[in-house]
Undergrad: 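Questions regarding the structure given below will be posed in turn.
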Amino acid sequence: MSTTPTLFDKHPIQPQLAKSNGHTDEAPSINPPLKWAGGKRWLLPHLESLWHKHKQRRLVEPFCGGLAVTLGLLPERALLNDVNQHLINFYRQIKHGLQFTIDARNDRDSFNKNRDRFNSLIQEGEDQSSEAAQIFYYLNRTGYNGLCRFNRRGFFNVPFGKHSNINYVRDFEKYRKVFKGWVFKNKDFQRLIIQSNDFIYADPPYDVDFTKYSAGGFTWDDQVRLVEWLARQDVPVVLSNQATDRIVQLYSQRKYGFKWEFFAAPRRISCNGDRTAAREILAVKNV
């Protein structure tokens, strides 16, 4: 490992952003229905302290992912977006009263059968259906490490997960009630209409090799485009990402106006099984 000094040695942590509201050990009142790589449940104590005085606002998440943050903060109103159309279909189907009724077992044959069926629905253009949402949930809970990965043809290609025990949710009514005031979108973040009473929390895909949670991926140009878009907003903005050197350089450019600090983040799910701590950056503006 290189001993060359990095940006981490040049920029000290800003403690004023790390204050918690005292709920460090308090879990969200509703657990996310999906397992999701890069979930920010661990960051909730810090986000809660920033969100608290703005909780009358609408929460906007351009990359809502597994909803760990939204279900932790529980805003009355939210605009939740993700480019993964299968993820958004799952949430929309929950709002419509989704029930988990498919034949689903925690074994390799059942997993492969359902994965093939899911990819058939994609090929047939039926991937925005209730059946597709149920299978998506099953594949997420049963597949390897909760990954959501698609090949270049847009087909789901995560292998069987070999979990010892899985408790599948059959009735999503408790989520449906919470989702009542939430709107789910499936578009590029720049197409979202931001209102004057919004609060934005952006957690884009990490600046790492594994960004293929959707067919298009998330490139470095997208990282820059996101920061420029967020910097133009006149509402409170909170932004998190893995603190690679170039991400730190990007977020610390004076023209964007962000304040930031580092966190040691647990890696609970990764594509290679690595569970070592990752350095993350939290940037804020207008908070």
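Residue numbers count from 1 along this sequence.
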Undergrad: Is there a side-chain contact between I247 and Q223, using heavy atoms and a 4.5 Å cut-off?
TA: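 Counting from C-beta outward, I247 and Q223 do come under 4.5 Å.
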Undergrad: Can a donor-acceptor pair be found between the side chains of R41 and N31 at a distance below 3.5 Å?
TA: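 R41 vs N31: donor-acceptor pair found between side chains.
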Undergrad: Who are the salt bridge (charged side-chain N to carboxylate O under 4.0 Å, His left out) partners of R77, not counting sequence neighbours?
TA: none
Undergrad: Counting heavy atoms not belonging to K185, are there more than 12 under 6.0 Å from its NZ?
TA: no
Undergrad: According to side chain to side chain donor-acceptor pair (under 3.5 Å), does anything in residues 159-170 pair up with another residue at least two apart or in another chain? List the pairs.
TA: T142-Y168
Undergrad: Tell me whether the count of non-hydrogen atoms from other residues, nucleotides or ligands lying under 6.0 Å of CD in Q99 goes above 12.
TA: yes
Undergrad: List the residues meeting salt bridge (charged side-chain N to carboxylate O under 4.0 Å, His left out) with D116, not counting sequence neighbours, and say none if there are none.
TA: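 Partners of D116 under the salt bridge (charged side-chain N to carboxylate O under 4.0 Å, His left out) test: none.
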Undergrad: Looking at R232, I want to see if its CZ is surrounded by more than 12 non-hydrogen atoms of other residues, nucleotides or ligands under 6.0 Å.
TA: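 Check passes, neighbour count above 12.
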Undergrad: Give a yes or no on this: more than 12 heavy atoms of other residues, nucleotides or ligands lie within 6.0 Å of atom NZ of K113.
TA: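 Open: at most 12 neighbouring heavy atoms sit under 6.0 Å from NZ of K113.
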Undergrad: The criterion is salt bridge (charged side-chain N to carboxylate O under 4.0 Å, His left out); which residues satisfy it with D103, sequence neighbours excluded?
TA: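 Counting only residues at least two positions away or on another chain, D103 forms a salt bridge (charged side-chain N to carboxylate O under 4.0 Å, His left out) with R105.
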Undergrad: State which residues pass side chain to side chain donor-acceptor pair (under 3.5 Å) with N286; sequence neighbours excluded, sorted by chain then number.
TA: none
Undergrad: Answer whether the closest heavy-atom distance between the side chains of W260 and L239 falls below 4.5 Å.
TA: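 They are not in contact (no side-chain heavy atoms under 4.5 Å apart), so the answer is no.
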Undergrad: Main chain of S196, side chain of R58: is a donor-acceptor contact present, judged purely on distance under 3.5 Å?
TA: no
Undergrad: A quick test of your reading: do over 12 heavy atoms of other residues, nucleotides or ligands sit less than 6.0 Å from CD of Q123?
TA: no
Undergrad: Of all the heavy-atom pairs spanning L250 and Y256, show the shortest one and how long it is.
TA: O-CD1, 3.4 Å
Undergrad: Find out whether V69 and D203 are in side-chain contact, i.e. whether some heavy atom of one side chain is under 4.5 Å from a heavy atom of the other.
TA: no
Undergrad: Would you sort out whether I122 and R153 count as a side-chain contact (heavy atoms from CB on, under 4.5 Å), showing the intermediate values?
TA: CA-CA 10 Å; I122 293 175; R153 298 175 61 195; over 6 Å; no
Undergrad: Any non-hydrogen side-chain atom of C148 less than 4.5 Å from a side-chain atom of N84?
TA: yes
Undergrad: Would you say the side chain of N241 lies within less than 4.5 Å of the side chain of P204, judging by non-hydrogen atoms?
TA: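 Side-chain contact under 4.5 Å: yes.
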Undergrad: Hey, can you tell me if F156 and F118 have their rings parallel, tilted or perpendicular (30° and 60° cut-offs)?
TA: perpendicular
Undergrad: Can you confirm whether Y137 sits close enough to V169 that some side-chain heavy atom of one is under 4.5 Å from a side-chain heavy atom of the other?
TA: yes
Undergrad: Rounded at 0.5 Å granularity, tell me how far NZ in K35 sits from CD1 in I166.
TA: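 The NZ atom of K35 sits 7.0 Å away from the CD1 atom of I166.
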Undergrad: Checking side-chain hydrogen bond (donor to acceptor under 3.5 Å, both in side chains) between N89 and each of Q93, H86, R92, which is the one that passes?
TA: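 The single option meeting the side-chain hydrogen bond (donor to acceptor under 3.5 Å, both in side chains) with N89 is Q93.
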Undergrad: Over all heavy atoms of both residues, which pair between A132 and D127 is shortest? Give the atoms and the distance, please.
TA: CB-O, 3.4 Å
Undergrad: Going by salt bridge (charged side-chain N to carboxylate O under 4.0 Å, His left out), name the residues that satisfy it together with E131, two or more places apart in sequence or in a different chain.
TA: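 Only R117 meet the salt bridge (charged side-chain N to carboxylate O under 4.0 Å, His left out) criterion with E131.
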Undergrad: Could you give the distance from CG (L47) to CG (L282), rounded to the nearest 0.5 Å?
TA: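 Reported value, rounded in 0.5 Å steps: 6.5 Å.
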Undergrad: If you apply the rule ring pair (Phe, Tyr, Trp, His ring centres under 6.0 Å), what do you find for F172 with F90, and how did you get there?
TA: CA-CA 11 Å; F172 294 93; F90 173 66; 5.6 Å; yes
Undergrad: I'd like to know if the side chain of K40 and the backbone of G38 have a donor-acceptor N/O pair within less than 3.5 Å.
TA: yes
Undergrad: Using a distance-only test with no angle check, is there a side-chain donor-acceptor pair under 3.5 angstrom linking Y138 and S110?
TA: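 Note: Y138 and S110 side chains meet the donor-acceptor criterion.
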Undergrad: Would you check if there is a donor-acceptor pair between the side chains of Q134 and T101 at a distance under 3.5 Å?
TA: yes
Undergrad: Under the criterion salt bridge (Lys or Arg N to Asp or Glu O under 4.0 Å), I'd like the reasoning laid out for R225 against E228: C-alpha separation, chi angles, the key distance, then a yes or no.
TA: CA-CA 5 Å; R225 190 165 58 93; E228 292 176 344; over 6 Å; no
Undergrad: Within a 6.0 Å radius of atom NZ on K55, are there more than 12 heavy atoms belonging to other residues, nucleotides or ligands?
TA: no
Undergrad: Would you check if P236 and L50 make a side-chain contact, meaning some heavy-atom pair closer than 4.5 Å?
TA: no
Undergrad: Looking at every heavy atom in both V227 and Y251, which two are closest together, and how far apart are they?
TA: CG2-CE1, 3.2 Å
Undergrad: Which heavy atom of Y91 sits nearest a heavy atom of C64, and at what distance?
TA: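 Minimum heavy-atom contact is CE1-SG, 4.1 Å.
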Undergrad: Side chains of Y206 and T244: is there a donor and an acceptor less than 3.5 Å apart?
TA: no
Undergrad: Got a donor-acceptor contact below 3.5 angstrom from the W220 side chain to the D207 backbone?
TA: no
Undergrad: Test V235 against F199 for side-chain contact (heavy atoms from CB on, under 4.5 Å), laying out the working first.
TA: CA-CA 6 Å; V235 301; F199 179 104; over 6 Å; no
Undergrad: Does a side chain donor of either Q233 or D198 reach within less than 3.5 Å of an acceptor in the other side chain?
TA: no
Undergrad: Please report the closest heavy-atom contact between P32 and A68, naming both atoms and the distance.
TA: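 Of all heavy-atom pairs spanning P32 and A68, the closest is CG-CA, 3.8 Å.
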Undergrad: Please name the pair of heavy atoms, one in G65 and one in W36, separated by the smallest distance, quoted to 0.1 Å.
TA: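 Closest approach of G65 to W36: CA-NE1, 3.4 Å.
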Undergrad: Could you walk me through whether L230 and F189 pass the side-chain contact (heavy atoms from CB on, under 4.5 Å) check?
TA: CA-CA 10 Å; L230 290 172; F189 62 84; over 6 Å; no
Undergrad: Any heavy-atom pair between the side chains of P159 and R149 that's under 4.5 Å?
TA: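 The answer is yes, as the side chains (C-beta and beyond) meet within the 4.5 Å cut-off.
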Undergrad: Can you check side-chain contact (heavy atoms from CB on, under 4.5 Å) on S252 and I281, steps first, answer last?
TA: CA-CA 10 Å; S252 60; I281 186 171; over 6 Å; no
Undergrad: Does R279 count as lying over the ring of F262, i.e. NZ or CZ under 6.0 Å from the six-ring centre, within 45 degrees of the axis?
TA: yes
Undergrad: What class does the angle between the rings of F218 and F63 fall in, given that below 30° is parallel, 30 to 60° is tilted and above 60° is perpendicular?
TA: perpendicular
